[in-house]
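Structure record follows, encoded as structure tokens.
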Amino acid sequence: MRVSIIGATGYTGEELLRILANHPAAEIKYLTSESQTGAKIDSIYPHFNHFYDQALVNLADLDKIVADSDVLFIALPHGHAMEIGKKVSGQGVKVIDLGADYRFKDTAVYEKWYKIPHVHPDAKAVYGLTELYREAVRTADIVANPGCYTTASILTLAPLVKNKLIDLTSIVVDAKSGISGAGRGLNLTHHLPEAFENVKAYNIAGHRHTPEIEQALSELAGSQVVISFTPHLIPMSRGILSTCYARLLDGVTASVVDEAFHALYGQEYFIRLLGRGGYPATKNTRGSNFCDLGWHIDTRTGRVIVVAAIDNLVKGAAGQAVQNLNVMFGLEERTGLTQAPLYP
Ligand SMILES: NC(=O)C1=CN([C@@H]2O[C@H](COP(=O)(O)OP(=O)(O)OC[C@H]3O[C@@H](n4cnc5c(N)ncnc54)[C@H](OP(=O)(O)O)[C@@H]3O)[C@@H](O)[C@H]2O)C=CC1
Ligand SMILES: CC(=O)N[C@@H](CCC(=O)OP(=O)(O)O)C(=O)O
């Protein structure tokens, strides 16, 4: 399977390369960069010495890239993938976009939250949260890989929403992300003296992942779900911990909650159920495609509290993208994704 990565110099592009180095069916054809065209990838990322030494091409070569690839991963800031997706549409190449351009069924929602016009509104993209949309991913030409906060938060709440166990107006998502979640570009917020020994909430009541989480939960619930979502930046390079709160409906017992998690995820390799009372930790998922889930019932307040841990660059981005690649090409879903987490 001939694979090209558009935007190979960013953190998710790099992470795709790291994972695909252990993928027996993937042949890397082209890697792109607009700012470092011509440089070799192992000069930008020396940890790839002995693994990759391709020179980077750029988007001026798109026709050649498409002709020589079976699948394009697009790992660019939002706004660019839809231009590329539109250009390559109908040319027989599959697209897996790691950004936000194809994530919304209603492009008006995208335009409202991302504040740019959508140029490919008629695309038939499938939302690639693999465990929930696997059957649609199988035959998709364009997969919209979910965001990192959204992957952790939707997986956390899906069993409760799907089985109508919680008050849909009571959902609160409190999530923390390592700094690689913001990409490799430099800015003051992510500068070491600003971020180190600091924890900070941001974009309260306005983060662009809010409508993405609401879209998936509303589909599962069969009615409109509105959530409160607060993201935080914490001083580590990788990892997301998402802690989700909701009021249990009257009569819902702890064992009904347990059953909902086991029924939805009991057979899912990449979802590790730590059970009722479990405490997921980012370090246990670091470098892996696992999502660890633990849930707690607070009988005093009537709330259920569910915690998820993922690696934002793996299950939150490149790992899930490779999981989707495997599903789209009929490969065993774990191919290339079986490395144990990196610890400590
Ligand atoms: N980081 C994360 O944890 C996650 C990120 N995502 C999403 O994945 C996508 C990539 O993120 P990430 O890898 O972190 O980002 P980075 O900022 O690390 O990398 C961005 C990439 O895009 C390229 N690029 C930047 N500006 C342009 C432009 N104007 N035109 C063409 N190429 C450009 C850069 O290449 P160059 O400058 O060399 O041309 C680089 O390869 C984003 O949409 C992001 O939101 C999704 C889930 C998690
Ligand atoms: C720490 C940090 O800055 N995180 C990013 C989310 C990363 C991500 O998942 O972005 P996409 O939706 O584009 O895929 C943010 O808050 O915007």
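In listed order, ligands and their atoms are each counted from 1.
- Atoms of ligand 1 found under 4.0 Å from any heavy atom of Ser33 (numbered from 1 in listed order, with element): 36 (P), 38 (O), 39 (O).
- In terms of polar-atom proximity, Gly316 is not counted as a contact of ligand 1, lacking any N or O under 3.5 Å from an N or O of the ligand.
- Residue, atom and distance of the protein heavy atom nearest to atom 35 (O) of ligand 1 are Thr9 OG1, 3.0 Å.
- Near Gly10, meaning under 4.0 Å from any of its heavy atoms, are these atoms of ligand 1: 13 (O), 16 (P), 18 (O), 19 (O), 40 (C), 41 (O).
- The distance from the CG atom of Leu160 to the SG atom of Cys244 is 9.0 Å, given to the nearest 0.5 Å.
- A 6.0 Å sphere centred on OH of Tyr279 holds no more than 12 heavy atoms belonging to other residues, nucleotides or ligands.
- Ring pair Trp295/Phe261 is parallel by interplanar angle, where below 30° counts as parallel and above 60° as perpendicular.
- Taking all heavy atoms of Ala75, Ala317, Gly239 into account, the minimum distance to atom 20 (C) of ligand 1 is reached by Ala75.
- Ranked by closest heavy atom to atom 32 (N) of ligand 1, the top entry among Leu76, Thr37, Asp311 is Leu76.
- Taking atom 3 (O) of ligand 1 as the reference point, the nearest protein heavy-atom neighbour is Asn312 ND2, 2.9 Å.
- With ligand atoms numbered from 1 in the order given, ligand 1 contributes 6 (N), 7 (C), 8 (O), 46 (C) to contacts under 4.0 Å with heavy atoms of Leu98.
- Contact annotation: for His78 versus ligand 1, heavy atoms closer than 4.0 Å belong to the backbone alone.
- Atom 4 (C) of ligand 1 has as its closest protein heavy atom Thr12 CG2, 3.7 Å.
- Ring-centre distance between Tyr127 and Phe104: not below the 6.0 Å cut-off.
- Contacts of Ser180 with ligand 1, taken as heavy-atom pairs under 4.0 Å, involve the backbone alone.
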Show the atom names and distances, to 0.1 Å, of all donor-acceptor pairs under 3.5 Å that link a side chain in residues 62-69 to residues at least two apart or in another chain.
| unit_1 | atom_1 | unit_2 | atom_2 | d |
| --- | --- | --- | --- | --- |
| Asp68 | OD2 | Tyr30 | OH | 2.9 |
| Ser69 | OG | Ser4 | OG | 2.8 |
| Ser69 | OG | Ile65 | O | 2.6 |

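- Residues Gln54 and Lys29 have side chains that never bring a donor and an acceptor to within less than 3.5 angstrom of each other.
- The closest side-chain donor-acceptor pair between His120 and Asp101, if any, does not fall under 3.5 angstrom.
- Ranking the protein heavy atoms by distance from atom 39 (O) of ligand 1 puts Glu34 N, 2.7 Å first.
- Of the protein's heavy atoms, Gly183 CA, 3.9 Å lies nearest to atom 15 (O) of ligand 1.
- For ligand 2, residues of the protein lying within 4.0 angstrom by heavy-atom distance are Leu98, Arg103, Gly147, Cys148, Tyr149, Ser177, Gly178, Gly181, Ala182, Tyr202, His207, Arg208, His209, Leu233.
- No side-chain N or O of Glu212 forms a donor-acceptor pair with one of Tyr149 less than 3.5 Å apart.
- Under 4.0 Å from ligand 1, the heavy atoms of His80 that appear belong solely to its side chain.
- Among protein heavy atoms, atom 24 (N) of ligand 1 sits closest to Pro77 CD, 3.8 Å.
- In the vicinity of Cys148, heavy-atom distances shorter than 4.0 Å reach the ligand 1 atoms 47 (C), 48 (C).
- Side-chain atoms of Thr285 and Asp311 include no donor-acceptor pair closer than 3.5 Å.
- Protein heavy atom in closest approach to atom 18 (O) of ligand 1: Arg184 N, 2.7 Å.
- Residue Tyr11 has at least one heavy-atom neighbour below 4.0 Å for each of these atoms of ligand 1: 13 (O), 18 (O).
- Residue Phe51 qualifies as open at atom CZ: its count of foreign heavy atoms under 6.0 Å is 12 or below.
- In His47, the NE2 atom is crowded: over 12 heavy atoms of neighbouring residues, nucleotides or ligands sit closer than 6.0 Å.
- Within ligand 1, counting atoms from 1 as listed, the ones closer than 4.0 Å to a heavy atom of Leu313 are 1 (N), 2 (C), 3 (O).
- Put simply, CZ on Phe270 and CG on Leu337 are 4.5 Å apart, with the number rounded to the nearest 0.5 Å.
- Clustering of Ile, Leu, Val, Met, Phe, Trp and Tyr side chains at separations under 4.5 Å places Val199 together with Ile234, Met236.
- Put simply, atom 44 (C) of ligand 1 has no protein non-hydrogen atoms near it, under 4.0 Å away.
- In this structure, CD on Glu259 lies 10.5 Å from CG on Leu165, to the nearest 0.5 angstrom.
- Looking only at atom types and distance, the side chain of Tyr343 has no donor-acceptor partner in the side chain of Arg286 under 3.5 Å away.
- Of all protein heavy atoms, the one closest to atom 36 (P) of ligand 1 is Ser35 OG, 3.3 Å.
- Side-chain N/O atoms of Glu333 and Thr130 include no donor and acceptor closer than 3.5 Å.
- Atoms of ligand 1 lying under 4.0 Å from any heavy atom of Gly7, numbered from 1 in the order shown and given with element: 41 (O).
- Taking Ile, Leu, Val, Met, Phe, Trp and Tyr as members and joining any whose side-chain heavy atoms lie under 4.5 Å apart, directly or through other members, the hydrophobic cluster of Val307 also contains Leu241.
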